[in-house]
Amino acid sequence: MLQDRRDTTIKSALDQTISRAGEVILGKEQAIRLSLACLLARGHLLIEDLPGVGKTTLAHLLARLLGLKHQRIQFTSDLLPADIIGASIYDRAEGVFHFHPGPVFSQLVLADEINRATPKAQSALLEAMEEHQVTTEGETHHLPEPFFVIATQNPAHQIGTFPLPESQLDRFLMRIELGYPDPRSERQLLNGRERREILENLEPALSLDQLRELQTSLDQVHVSDAILDYCQAILEFSRTTQRFNHGLSPRAGLALLRGARAWALMEGRFQVLPEDVQAVLPATVGHRLHSTADTGVDEGRSLARYLLESVAIP
Amino acid sequence: MSPDPNRKLSQRELLFLIVLLCLSAGPHVLHLQPWISAFFIGTVTLRLLALSRPALLPGRFLLFLLTVAGLANALAHYPLMFGREAGVALLTSMLALKLLEMKRERDIYVVVYLSLFALITQFLYRQEMLLVVYVLFVVTALTAMLMHANMVRSPSRPTGLLLRSGGLLLQALPLMLIMFFLFPRFSSPLWDLGIRENRALTGISDNISPGSVSRLSRSRAVAFRVDFEQDGIPQPARRYWRGPVLWDTDGRSWTAGDPIPEKISEFFASGKPVDYNVTLEPTGGKWLFALDLPHQVPPKTSLEADFQLIRRSPQKHRFQYRASSYLNYNTGPLSEYQRFRGLQQPDNITPRMISLVAQWRRDSVDDSDLVDRALAYFNEQPFYYTLYPAPLGDNPADQFLFDSRQGFCEHYATSFTLLMRIAGIPARVVAGYQGGEVNPIGGHLVVRQSDAHAWSEVWLPDLGWVRIDPTAAVAPERIEQPLDPDRISEEIGAPIDFMPVDIGFVGALMEQFRWSIDALDASWHRWVLGYSKKRQSRLMRLLGLDFLKGSRLVYAMVGITAVAVTLLTLTLIYRGRPKPDPVQAHYQRFCNRLKRMGLQRRSYEGPRDFGQRILHRRPDLRGQVESILRLYIGIRYGRMDNPANRRRLKQMVSGFRP
């Protein structure tokens, strides 16, 4: 019974958050849910889509709803690592160098148009993402907790981009796409108030403590042997099928399971169902899969779909 | 405990190994040379003592000396190291020494395999059924020991291991039967290690003197068993099993003498012949026994002119033969030679014998009348039938007839024959068995040494050789009932009591048990030990497999084995595949029921998605489907997997009939 009550409180809190977000970003409930799940799973999120469909808005929205301190870094081709992680500056009065933390030292970092920057700048951020700390001039600086990176990028074939290498894509727990809004939502959008205004007046739906509690309860979500079997079957299939260039890494498997846990938790459940795995599957594996017949077009979604439909639930 | 070959053996394991080895090789102690047995017993005792005091274990050098001593011991008794005895002696000695040097787990394997080998050598001495039971038990125990050595997890209890190894061996039973019945047999043994099956019991011999048959009659040992075909078993009074025919006497004992150098004469017979199979225990003699009067003989046997069945070589093994006899016969005229032999007299005929016969001759009209008078004499005079007659001097016939008048069948038969010869009637003594008991369980006739008998044959004109049993004139019960030596008082001259006694319930039970064992033993010999190449080919014909002969049978065996092994491997692979657990089986059943109504679950469809699809199509099933799926999800993906929930799921799925 205790568990039931806890389930309902979590679910209502999260549902509230999602419905508030839905007021800002119209008709994108699935994307909102996925990004929330990604954050609950302590993963970094990559939003990929054309300019102007609301990527940045979504990132802002998440930051506000969760009441997190956030910084935005606009990635450009002349961005330097120091612009991200900060620099040591000589203090003439005291005669010592002082480290001035860069924008990466915040709870939520919005890395806008990450693929516009040079690989050097990209890797500075990605290292911070992986290690949760920054090392400069022999000094190690811890990043705040929680630490999320929401990166946005334009589709790779756009001009003036440096596509993220696979190894770095792998560090994002999920990649989501937003897509164009449906006509009804678009109408509402065109008709409504300025989004930015709504955002600024938005109150946080979850406190930081609540978020932390949610993150800890993620570990209590039961993963049965049957689910592990299913995940392994998926990984195994991705490695043996002829259609993929290479199979999914163990890190992808961990990401899939974490995502599924978060998804189950958001549904107010403390047990993972195959449906949870399936729900997060396209977002977690889409950016890690490449077709053998490399067409240059990113077909992550269809590959994930193929994977999902090919593996029977054991 | 893990199967580590270098692990030290525990005290318990050592004890078990010692016991097992003693069970396997120990029985040899009974028939080996005393010194070799002593070496075995001594070494085992040393090993047992060393269990509590390890200091007693000999070191390397001492062990070497002991080995040399054991070898010398064996060599001293069997210098050529050749043959069964020598081999077994060496094996037994070396096995005992192996006990002294077993320390580590790998020694288990060596000891077990050596024990199995030692066990097989038991069959070189005896092949009876009880030994087979014993050997099977020891093999089970040895297999259990092997299983123990291969256990990865903690040691199991000995009884559990024994049961499991017994189960294993039981699974090998069909294979054993196939191998036994179908494996190509050789008409002669593959190797001759001088195996002697059963030691010959002294049975009827061709030399009868007063006391020789009665001595034999004190034994209950089985002489032979008979299975009658179709016709049933003849009446006791007609069951005279003819053995050696004795022609010559020196006044004390009777012997067969020279064989009659004649071809068997044609004889006239009436009625149907009786066919039967005899399983004869080893006798050491050459005679086979047949009912009066045999007309068909088994192979390698000749039918003599006096109707003896003589084999070419002494019969040292239990063996079976088929014979056929006419119960009503007339042997027809007598040859001059036989008349001469049948009238020979020893030189110690006394005047009172002559006068007795002269008296009969005067009163009788012919020979057959005289015979009747002689029988009447035995009947009317105070003759006693006893197994323990008073000892007789150097003219036993005279003393028996006129003084002691206590005797067993040989006394009656020999003195009667002698009297007939004095009367000028050709006569001879026939030794053999009379009667026998029917085993009510096996349906066969058991003839024991206690049924040993001697009777007389006289030649009468018109009738030919006629069987006269003077014993019947004195003790007619002897012919009707078997004699039980256990019930006869050993007092000299004690009459034989034929009255059946009330043996009570326990006695009857014992009797039943005795007959069952006898029937089992008879079947064992008939079907297992007597399974010869001939029988095998008969079985093959019966099975329609007679085209498989010689090498073809070998190829067929190899082929069948290959196929069987392949099939077995496939079965094992098939059975080793991951099995759906019962919960999945119930869920599958649930899905199958929905499939029948056109709702097929997609392979990648999770239970919740599927449930929604079902409810979309069939909202009326909501209650049932939701509760089944909730339970299923709880068991499979949650923490609700317990027997009670599994049962509930099973019930709910069973009750789900859309």
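Just so it is clear: chains get the letters A, B, ... in the order the sequence lines come, proteins before strands, and each one is counted from 1.
- Of the possible polar contacts, one joining the A:Ser224 side chain to the B:Arg636 backbone as a donor-acceptor pair under 3.5 Å is found.
- For the pair B:Tyr637 and A:Pro314, the tightest heavy-atom approach, listed with the atom from each and the gap, is OH-O, 4.4 Å.
- Side-chain atoms of B:Glu605 and A:Glu309, non-hydrogen and from C-beta on, never get closer than 4.5 Å to each other.
- Across all non-hydrogen atoms, the minimal contact from A:Gln220 to B:Arg639 is O-NH2, 3.3 Å.
- The nearest pair of heavy atoms linking A:Leu273 to B:Arg608 is CD1-CD, 3.2 Å.
- Distance check: B:Tyr587 OH to A:Ile313 CD1 gives 7.0 Å after rounding to the nearest 0.5 Å.
- Nearest heavy atom pair, residue A:Pro274 against residue B:Pro607, reads CG-CD, 4.0 Å.
- Within 6.0 Å of atom CZ in A:Arg187, 12 or fewer heavy atoms from other residues, nucleotides or ligands are found, so the atom counts as exposed in its surroundings.
- For chain B, the option among A:Val272, A:Val223, A:Val277 with the highest count of heavy-atom pairs below 4.5 Å is A:Val272.
- Heavy-atom contacts from other residues, nucleotides or ligands closer than 6.0 Å to CE of B:Met179 number 12 or fewer.
- Between A:Glu275 and B:Asp609, the closest heavy-atom pair is OE2-N, 2.7 Å.
- Around atom OH of A:Tyr180, no more than 12 heavy atoms belonging to other residues, nucleotides or ligands sit under 6.0 Å away.
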